[in-house]
Each structure stands twice: as structure tokens, then as C-alpha cells.
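Data block below; observations after.
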Amino acid sequence: MVDRRAFLSLLGQLTAGVAVMSRSHAEETPRKKDRLGEWMPARRLGRTGEDVTMLGMGGYHFGVGQDKDGQAILETALENGLRFVDCATEYQ
């Protein structure tokens with residue numbers, strides 16, 4: 001049986017390996033800039049031809065809590081270069 005420490009070590013190694021492999025196969029696009037500033041690194045989204053930031057944000061916080069909290073979260077993300085927001089109605 002594998003103990004917790006060995007399991008976490010193995011999980012870390014696998015994560016690092018997957019990250020290296022996916023980075024080597026992914027097509028990273030040049031940095032973009034728009035009226036809000038410079039984007040985070042972006043990649044093509046499948047076969048859509050659209051570029052999206054490599055980091056995205058889910059929209060759960062838009063349907064719960066105060067409107068001002070969701071607005072503050074979104075503004076902070078945009079200020080820091082995030083341009084991919086998933087706000088599906090299923091989150092609410």
C-alpha cells in the first residue's frame with residue numbers, strides 16, 4: 001500500500017510531466033493588447049480560431065453573493081490580463 005507522502009510525491013511528478021508535455025504541444029500565441037491592457041499568455045481554443053487566455057475564470061460568483069463582489073472579482077481579473085470568462089447559466 002502506498003502511504004500519503006509517496007502518493008503526493010507521485011501526483012506532483014505526474015502533474016509536472018503533464019504540464020511539460022502540454023506546454024510543448026500547445027500553440028501559444030503572441031501576447032495581445034487591448035483597451036484594458038496586455039493579455040495573459042493565450043492559446044487557440046480548439047478549432048474555433050479564437051484566442052483565449054490560458055487561465056480562465058468560472059462565473060459562479062456572479063449568481064451568488066452581492067453584485068459588487070462579482071464586479072470586483074471580474075474587474076480584478078480583467079486588470080490582470082484575463083480575457084476568458086465562462087459564465088454559463090448552469091452556475092446559478
Side-chain angles (χ1 to χ4, degrees):
M1 178 171 232
V2 177
D3 66 349
R4 184 173 187 261
R5 184 179 303 259
F7 173 75
L8 291 175
S9 175
L10 178 62
L11 186 61
Q13 293 170 16
L14 287 171
T15 302
V18 168
V20 167
M21 288 183 64
S22 67
R23 184 158 177 87
S24 65
H25 293 296
E27 179 185 333
E28 191 171 319
T29 61
R31 286 277 180 115
K32 290 188 169 195
K33 194 170 187 172
D34 59 17
R35 65 183 179 83
L36 299 174
E38 189 172 333
W39 286 30
M40 291 179 171
R43 291 191 181 150
R44 297 252 182 245
L45 180 62
R47 297 181 196 157
T48 65
E50 296 293 324
D51 293 335
V52 296
T53 52
M54 291 169 38
L55 178 65
M57 179 176 70
Y60 174 75
H61 56 277
F62 294 121
V64 297
Q66 301 289 327
D67 286 341
K68 64 180 180 174
D69 296 334
Q71 181 178 351
I73 293 168
L74 180 59
E75 287 178 2
T76 301
L78 293 172
E79 288 170 5
N80 287 289
L82 187 132
R83 298 294 186 273
F84 181 57
V85 180
D86 180 5
C87 52
T89 56
E90 286 80 20
Y91 291 136
Q92 282 77 40

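Given the structure is predicted, the values throughout are model-derived calculations rather than measurements.
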Residues Arg44 and Asp51 bridged, charged N to O under 4.0 Å
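Answer for the salt bridge query: yes.
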Whether the side chain of Thr76 engages the backbone of Ala72 through a donor-acceptor N/O pair (distance < 3.5 Å, no angle test) should be reported.
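It does hold such a pair.
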Out of Asp34, Asn80, Thr53, which residue meets the side chain to side chain donor-acceptor pair (under 3.5 Å) rule with Trp39?
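Single side chain to side chain donor-acceptor pair (under 3.5 Å) partner of Trp39 among Asp34, Asn80, Thr53: Asp34.
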Heavy atoms only: give me the nearest Leu55-Phe84 pair and the separation to one decimal.
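So the two residues come closest at O-CB, 4.2 Å.
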Check Ala77 against Met57 and note the closest heavy-atom contact, atom names and distance.
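Looking at all heavy atoms of both residues, the shortest contact is CB-SD, 4.0 Å.
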State yes or no: do Met40 and Val85 share one hydrophobic cluster built from I, L, V, M, F, W and Y residues joined by side-chain heavy-atom distances below 4.5 Å, directly or via other members?
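Met40 clusters together with Val85.
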